[in-house]
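The block underneath contains the structure these notes are about, expressed in structure tokens.
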Amino acid sequence: MKELWNPRIRGLEAYVPGEQPKDRRYIKLNTNENPYPPSPKALEAMREAVCADLRLYPDPECGQLIEALSRRFGLAREQLFVGNGSDEVLAMAFAAFFDPAGLPIIFADISYSFYPVYAAFYGVPTAPVPLREDFSLPVEDFLRPNGGVILCNPNAPTAMALPLAEVERIVAGNPGSVVLVDEAYVDFGGESAVGLIDKYPNLLVVRTTSKSYSLAGLRVGWAMGNEDLIAALNTVKNSFNSYTLDRVALAGAAAAIEDRDYFEECCRRVIATRERSRRELEALGFRVLPSAANFLFAAPPQPDAETVFRRLREEGVLVRYFKKPRIDGFLRISVGTDEEMDGLLAALGRI
Ligand SMILES: *Cc1c(COP(=O)(O)O)cnc(C)c1O
């Protein structure tokens, strides 16, 4: 029944998001959402925005949010771009910087599974770089000729962070390519590359409010980089949809970014729970990779990961399992509240 489809779309294999089932109450540790609610100030700003003037289009320049980000990161407005979730920002970056007729773009073979999906969508060639046996990133392999570089730091789904000096080596070693650093999880323990932006015109850092700001439902992400890169992103956006963020999202995200105390307290709690959970999983015999994110990548001693995934689901605990080479022995477990993690550990005890 695909004969009416554009032939290019017919051949695509789209990204599969983690499940959001409604059939019962689950302890939901499968999509790396934050277990704590958004900032009360963000909720208040959104209530006000709903009542203000939804009759009117939102600001196409997203001034209120750009201003908040500018103050928070000490960057000029021209160095900031916002979009409908960082997935949209990534999709626009692919369109803006990666050439279907150019050299392959490079990213780790085990990384965010949306990168190969965007590459296929835009017809951009790729040359995945295998991570080492211990899942660390071989920096030298990111210094070969390429049509662009994507680093996910901390990486997903491994949770492992690359030190800033290594990120800088890759950015400095690729002056002719855009190096996109996806920092979706950086607030949970990674080192950000934001401080390198004024030094390297080829660096683009992408962030989201979905994880550390507890706003996955709002769909707000942003990019930070040299003003020429930002101008390219605006060209793509305004060739596609000038109103990617609605009035409610702009107000809520700006207030969340401004409420730094609340943000830091949530991150601190997630990190404390992560470290406790890691120790308890290790005590159960799991191999747990070092995590700088709000999730743990952990291999159960027995039975196999797929069986543990299925039995956890029966016990009402959702985690993520990837049936892929090299990582099919692992579960990706989002860090929930202490109570949710106790539920997970109790279920694992029964299994
Ligand atoms: C969650 C995630 C994103 C997408 O975030 P949204 O802003 O919700 O679209 C991007 N990159 C990585 C690595 C992620 O894990």
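In each ligand, atom 1 is the first atom listed, and ligand 1 is the first ligand listed. The analysis underlying the following values was restricted to heavy atoms, covering all of them including side chains, and did not include hydrogens, waters or symmetry mates.
Looking at D87 next to ligand 1, an N or O pair under 3.5 Å apart turns up.
Under the 4.0 Å criterion applied to side-chain N and carboxylate O atoms, R77 and E67 are assigned as salt-bridge partners. Ion pairing between E258 and K41 fails under the 4.0 Å rule for side-chain N and carboxylate O.
Using a 4.0 Å heavy-atom cutoff, G85 is listed among the residues neighbouring ligand 1. Every heavy atom of A216 sits 4.0 Å or more from the atoms of ligand 1.
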Could you pull out all donor-acceptor pairs under 3.5 Å where a side-chain atom in residues 102-112 meets a protein atom, sequence neighbours excluded?
from, atom 1, to, atom 2, distance (Å)
D109, OD1, L131, N, 2.9
D109, OD2, R326, NH1, 3.1
S111, OG, N155, OD1, 2.9
Y112, OH, D87, OD1, 2.7
Y112, OH, D87, OD2, 3.4

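Comparing heavy-atom distances from atom 12 (C) of ligand 1 across V206, D182, N155, N294 singles out D182 as nearest. In this structure, of W222, F114, Y115, Y185, the residue bringing a heavy atom nearest to atom 15 (O) of ligand 1 is Y185.
Each of N30, T31, N32, L29 was checked for a side-chain contact (heavy atoms from CB on, under 4.5 Å) with F295, and the lone residue meeting it is N32.
Of the protein's non-hydrogen atoms, the one nearest atom 9 (O) of ligand 1 is R219 NH2, 2.7 Å. The single protein non-hydrogen atom nearest to atom 3 (C) of ligand 1 is K211 NZ, 3.4 Å, given as residue, atom name and distance.
Looking at heavy atoms from C-beta onward, Y213 lies in side-chain contact with F263 at the 4.5 angstrom threshold.
Put simply, OH on Y200 and CG on L229 are 15.0 Å apart, with the number rounded to the nearest 0.5 Å.
Within 6.0 Å of atom CZ in R10, more than 12 heavy atoms from other residues, nucleotides or ligands are found, so the atom counts as buried in its surroundings.
Numbered from 1 in the order shown, with element, the atoms of ligand 1 that lie under 4.0 Å from a heavy atom of S210 read 6 (P), 7 (O), 8 (O). Those atoms of ligand 1 with a heavy atom of C152 less than 4.0 angstrom away are 13 (C). Taking every heavy atom of A184 and a limit of under 4.0 angstrom, the matching atoms of ligand 1 come to 11 (N), 12 (C), 14 (C).
At a heavy-atom cutoff of 4.0 Å, ligand 1 is contacted by both the backbone and the side chain of S86. The proximity of E88 to ligand 1, defined as any non-hydrogen pair under 4.0 Å, does not occur for either the backbone or the side chain.
Judged purely by atom type and a 3.5 angstrom limit, K323 has no side-chain atom pairing as donor or acceptor with the backbone of Y321.
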